[in-house]
Amino acid sequence: EPEVTQTPSHQVTQMGQEVILRCVPISNHLYFYWYRQILGQKVEFLVSFYNNEISEKSEIFDDQFSVERPDGSNFTLKIRSTKLEDSAMYFCASTWGQNTEAFFGQGTRLTVV
Amino acid sequence: EDQVTQSPEALRLQEGESSSLNCSYTVSGLRGLFWYRQDPGKGPEFLFTLYSAGEEKEKERLKATLTKKESFLHITAPKPEDSATYLCAVQASSNTGKLIFGQGTTLQVKP
């Protein structure tokens with residue numbers, strides 16, 4: 001069964017460092033998303049991406065964040081200068097249509113120390 | 001503002017004891033309501049999509065229903081393996097496919 005794959009599963013980084021979280025969405029999907037979940041809190045939308053551009057972003061997704069689809073399979077989230085409050089589980093998701101069900105990866109747990 | 005509220009926050013059931021989880025939503029034009037299951041430390045796993053009031057979907061011991069203001073996830077004769085957090089999410093017609101999640105209901109089923 002096709003699945004969304006995320007790497008790494010866990011990343012520890014020092015405050016101020018740059019991190020790149022990687023995702024391989026399901027191959028025939030066209031819409032890509034990043035969400036985050038701070039421990040004990042709701043899953044929150046960060047950004048949606050379609051046709052090689054951002055289609056919507058949340059207030060959380062400030063200038064420190066960027067997304068890229070560098071080739072036909074990978075979808076990345078970059079945080080330029082991490083803060084303690086960026087510590088969370090980051091989930092990548094993909095859909096084949098704009099309002100079809102989203103399939104989520106297993107997440108990357110980011111810990112900023 | 002689009003909003004999703006789930007209740008109860010936590011639910012403990014004995015194996016075989018049926019119950020329902022509630023998801024109330026306020027959204028500017030509902031495009032779809034989604035139920036997910038989330039195990040600890042894992043990503044949400046898709047269960048159901050509901051698009052219009054009156055719609056129902058079933059899968060094994062789970063049944064999801066939708067009205068104009070809320071959705072219910074009915075669990076019939078649950079087993080310990082149904083223990084998980086159940087998430088409800090909505091898509092508004094005004095946005096680009098993003099999901100707005102509730103805080104979830106954590107279900108524990110004891111043998």
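This one's a predicted model, so the numbers in the text were calculated from it and none came from an experiment. The sequence lines fix the lettering, A, B, ..., with proteins before strands; numbering per chain opens at 1.
Contacts of B/Glu45 with chain A are absent, with no heavy-atom separation under 4.5 Å from either backbone or side chain. In this structure, chain B has a heavy atom under 4.5 Å from the side chain of A/Ser48, while its backbone stays farther away. There is no contact between A/Tyr50 and chain B, counting heavy-atom distances below 4.5 Å. Only the side chain of A/Gln37 comes within less than 4.5 Å of a heavy atom in chain B; its backbone stays farther off.
Closest non-hydrogen pair, A/Phe104 versus A/Phe91, comes out as CD2-CB, 3.9 Å. Residues A/Ser73 and A/Pro25 share a closest heavy-atom pair of O-CD, 3.0 Å.
Few gaps surround CD on B/Glu81; more than 12 heavy atoms of other groups in view lie less than 6.0 Å from it.
With respect to A/Asp71 and A/Arg69, no salt bridge is recorded, no charged nitrogen being found less than 4.0 Å from a carboxylate O.
In terms of non-hydrogen atom pairs under 4.5 Å with chain A, the most contact-rich of B/Tyr51, B/Phe48, B/Tyr36 is B/Tyr36. Counting heavy-atom pairs under 4.5 Å between each of A/Gly97, A/Ala93, A/Gly107, A/Ser55 and chain B puts A/Ser55 at the top.
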Give the C-alpha distance, both sets of side-chain angles, the deciding distance and a yes or no for salt bridge (Lys or Arg N to Asp or Glu O under 4.0 Å) between A/Arg80 and A/Glu18. CA-CA 4 Å; A/Arg80 287 189 186 81; A/Glu18 174 183 287; 5.9 Å; no

